[in-house]
Chemist: 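Encoded as structure tokens, here's the structure I'll be asking about.
Scope of the values below: all heavy atoms of this structure, side chains included, with no hydrogens, waters or symmetry mates.
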Amino acid sequence: MTLRRHVRIVDTPTTRRELPFAQLIEALRALFVEGCEVPSRHSHGIDVPGGESGTVLLMPAWRSGHHFGLKTVLVFPGNATRGLPGLHATYTLFDATTGVPLAQLDGSEITSRRTAAASALAASYLARGDAGRLLIVGAGRVGSLLAPAMHAVRPLRSISVWNRDPLRAEHLAASLITQGFDAHATDHLERSAGEADIISCATLSHSALIQGTWLRPGTHLDLIGSFTPAMREADARCFARSQVYVDTPEALVKSGDVLQAVAEGAFSVANLQGTLAQLCRGERPGRRGTEQITLFKSVGTALEDLAAAELVWDALARDSA
């Protein structure tokens with residue numbers, strides 16, 4: 001048997017090209033149904049002298065007899081003042097039978113695309129079938145991908161973009177227009193939230209941005225950013241008014257959105273409606289009416305990274321066959 005001895009370096013454009021949202025969403029759906037080994041992530045703080053601390057996340061996952069993947073993520077919220085992305089990551093794919101390293105992929109590209117795809121996958125179960133108005137809260141890397149991801153599962157007609165820095169919202173709206181979307185920047189978050197069918201938040205906020213009193217019947221609220229207990233994108237009233245789903249049970253102990261809603265008595269873990277895997281497997285029904293308010297809280301899972309990496313690897317293998 002000949003073993004691969006050279007690790008293939010997969011650059012950013014190639015990683016992006018091989019992760020179109022329609023295929024990526026279905027790859028995530030399939031792996032959530034099948035399942036894989038996903039140990040708890042390791043998280044460590046990194047002090048930044050004179051600045052906001054960073055975080056390192058180590059996220060392994062594997063399918064026996066197939067592939068083992070490890071993502072290393074560095075999150076530095078203070079990078080916004082440096083003109084740099086707040087998140088950087090690498091992803092290494094191994095043969096799960098031999099341990100031979102196969103490829104080094106752009107982990108940041110995998111993270112941002114699978115994150116947007118996971119939100120779209122959840123929306124395919126939780127947003128109304130006719131949902132056409134999307135509000136994007138946060139104009140960073142993930143925020144820039146939410147419109148094309150959501151458009152793969154719902155018939156978007158108009159997109160509003162809000163960001164604490166209005167100029168960044170305007171830049172993202174302009175970019176979406178070049179992609180064929182009817183998009184505009186908004187400086188009135190409450191009004192835009194009240195008009196949206198889907199609200200998708202992708203920020204590093206430590207205080208609630210979306211208020212539950214703003215949500216109209218039928219809204220789907222997608223919360224991406226709060227992946228530590230100190231972070232928060234929605235107030236407790238959002239949870240009190242919604243049917244709540246999470247990507248994995250880890251969200252219940254890691255997300256400040258969930259923990260603070262529980263602490264304020266607005267949500268109980270006993271009222272959780274289900275996980276993304278349960279939705280994909282048909283074990284939970286998802287949206288049950290046009291007037292229902294649904295909420296999806298994600299913190300990310302290494303299962304999604306592995307699904308994305310395998311999608312890239314399989315495409316490259318076909319191309320080289």
Chemist: In Å, rounded to the nearest 0.5 Å, how long is the span from CZ of R113 to CG of L311?
Modeler: 10.5 Å
Chemist: Between I199 and H220, is a side-chain contact (heavy atoms from CB on, under 4.5 Å) present by the stated rule, with each step listed?
Modeler: CA-CA 6 Å; I199 303 170; H220 172 57; over 6 Å; no
Chemist: Side-chain contact, heavy-atom cut-off 4.5 Å: R8 with L316?
Modeler: yes
Chemist: Please report the shortest heavy-atom distance between P77 and S53, naming the atom on each side.
Modeler: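 Minimum heavy-atom contact is CD-O, 3.6 Å.
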Chemist: For D106 and T12, which I'm curious about, is there any donor-acceptor pair between the side chains at under 3.5 Å?
Modeler: yes
Chemist: Check whether more than 12 heavy atoms from other residues, nucleotides or ligands sit under 6.0 Å from atom CG of D11, and answer yes or no.
Modeler: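 Buried by this count: over 12 neighbours within 6.0 Å.
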Chemist: May I ask you to test the L121-I25 pair for a side-chain heavy-atom distance under 4.5 Å?
Modeler: yes
Chemist: Looking at CG of L135 and OG of S192, how far apart are the two atoms once the value is rounded to the nearest 0.5 Å?
Modeler: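 Output value for this atom pair is 5.5 Å.
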Chemist: Could you tell me whether the side chain of T219 and the main chain of L215 form a donor-acceptor pair under 3.5 Å?
Modeler: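 No, T219 side chain to L215 backbone: no donor-acceptor pair under 3.5 Å.
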Chemist: Is there side-chain contact between W162 and I136, with at least one heavy-atom pair below 4.5 Å?
Modeler: no
Chemist: Check whether the ring centres of H151 and F21 lie less than 6.0 Å apart, and answer yes or no.
Modeler: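 No, they do not, as the ring centres are separated by 6.0 Å or more.
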Chemist: With the side chain counted from C-beta on, respond yes when T55 and F76 share a heavy-atom pair under 4.5 Å apart, and no when they do not.
Modeler: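 With C-beta onward as the side chain, the pair stays apart.
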Chemist: Any donor and acceptor pair, going by atom type alone, linking the side chain of R284 with main-chain N or O of Q273 inside 3.5 Å?
Modeler: yes
Chemist: Can you tell if the side chain of H67 reaches within under 4.5 Å of the side chain of W313, non-hydrogen atoms only?
Modeler: yes
Chemist: Extract all donor-acceptor atom pairs below 3.5 Å that involve side chains of residues 170-178 and protein atoms in other chains or at least two apart in sequence.
Modeler:
residue, atom, partner, partner atom, Å
S175, OG, Q179, NE2, 3.4
T178, OG1, S175, O, 2.5

Chemist: Search all heavy atoms of I210 against all heavy atoms of C201 and return the closest pair with its distance.
Modeler: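 Distance-wise, the nearest heavy atoms are CG1-SG, 3.6 Å.
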Chemist: Donor-acceptor pairs under 3.5 angstrom involving side-chain atoms of residues 249-258: please list them, not counting sequence neighbours.
Modeler:
residue, atom, partner, partner atom, Å
E250, OE2, R41, NE, 3.2
E250, OE2, K254, NZ, 2.8
S255, OG, S226, O, 3.2
S255, OG, S226, OG, 3.3
S255, OG, D257, N, 3.1
D257, OD1, E233, N, 2.9
D257, OD1, A234, N, 3.0
D257, OD2, E233, N, 3.4

Chemist: Compute whether any side-chain donor of one residue and acceptor of the other, for H184 and S160, lie under 3.5 angstrom apart.
Modeler: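 There is such a pair between these side chains.
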Chemist: NE2 of H42: more than 12 outside heavy atoms within 6.0 angstrom?
Modeler: no
Chemist: Quick one, F227 with V75, criterion side-chain contact (heavy atoms from CB on, under 4.5 Å). Give me CA distance, side-chain angles, the key distance, then yes/no.
Modeler: CA-CA 11 Å; F227 54 85; V75 182; 3.9 Å; yes
Chemist: Side chains of R241 and Q292: do they bring a donor and an acceptor to under 3.5 Å?
Modeler: no
Chemist: Is L279 linked to F296 within one hydrophobic cluster, defined over Ile, Leu, Val, Met, Phe, Trp and Tyr using a side-chain heavy-atom separation of less than 4.5 Å?
Modeler: yes
Chemist: Looking only at heavy atoms, which two atoms of A307 and A27 are closest? And how far apart?
Modeler: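 Smallest heavy-atom distance, with atoms named: CB-O, 4.0 Å.
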Chemist: Checking side-chain polar atoms at under 3.5 Å, does N271 have a donor or acceptor matched by the opposite partner on S268?
Modeler: no
Chemist: Determine the sole option in V161, T203, L223 for which the side-chain contact (heavy atoms from CB on, under 4.5 Å) test with V137 is passed.
Modeler: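 Between V137 and the candidates, side-chain contact (heavy atoms from CB on, under 4.5 Å) is satisfied uniquely by T203.
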Chemist: What distance do L31 atom CG and T301 atom OG1 have between them, rounded to the nearest 0.5 Å?
Modeler: 9.0 Å
Chemist: Answer yes when R128 and D130 have at least one side-chain N-carboxylate O distance shorter than 4.0 Å, and no when they do not.
Modeler: yes
Chemist: List the residues meeting side chain to side chain donor-acceptor pair (under 3.5 Å) with Q260, not counting sequence neighbours, and say none if there are none.
Modeler: R232
Chemist: Please examine the side chains of V299 and D247, heavy atoms only from C-beta on, and report whether any two atoms are closer than 4.5 Å.
Modeler: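 Counting from C-beta outward, D247 and V299 do come under 4.5 Å.
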Chemist: Looking only at side-chain N and O atoms, does T90 offer a donor or acceptor that is under 3.5 Å from a partner on K71?
Modeler: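 No - no donor-acceptor pair under 3.5 Å links their side chains.
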Chemist: Should L276 and Y245 count as side-chain neighbours, where that means a heavy-atom distance under 4.5 Å?
Modeler: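 Not touching, per the 4.5 Å side-chain cut-off.
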Chemist: Which heavy atom of T186 sits nearest a heavy atom of H188, and at what distance?
Modeler: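 Heavy atoms of T186 and H188 come nearest at OG1-N, 3.1 Å.
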Chemist: For D305 and Y91: C-alpha separation, side-chain torsions, deciding distance, then whether side-chain contact (heavy atoms from CB on, under 4.5 Å) applies.
Modeler: CA-CA 8 Å; D305 300 313; Y91 196 90; 3.4 Å; yes
Chemist: Kindly indicate, with the supporting measurements, whether the criterion side-chain contact (heavy atoms from CB on, under 4.5 Å) is fulfilled by D222 and M150.
Modeler: CA-CA 11 Å; D222 171 44; M150 291 292 184; 3.8 Å; yes
Chemist: Under 4.5 Å between any side-chain heavy atoms of V56 and V73, yes or no?
Modeler: no
Chemist: Strictly distance-based, threshold 3.5 Å: is any side-chain N or O of D197 a donor or acceptor partner for the main-chain N or O of G132?
Modeler: yes
Chemist: So, for A308 and I110, which heavy atoms are closest and what is the spacing to 0.1 Å?
Modeler: CB-CG2, 3.9 Å
Chemist: Is it possible for you to check whether R287 lies under 6.0 Å from the centre of the six-membered ring of Y125, through NZ or CZ, and within 45° of that ring's axis?
Modeler: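 Cation-pi check for R287 and Y125: fails.
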Chemist: Determine, for R216 against E195, whether the closest basic-nitrogen to carboxylate-oxygen distance falls under 4.0 angstrom.
Modeler: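 Salt bridge flag = no for E195 with R216.
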Chemist: Where the side chain of S108 meets the backbone of A89, is there a donor-acceptor pair that is under 3.5 Å apart?
Modeler: yes
Chemist: How close do A123 and R154 get, heavy atom to heavy atom, and via which atoms?
Modeler: O-NH2, 3.3 Å
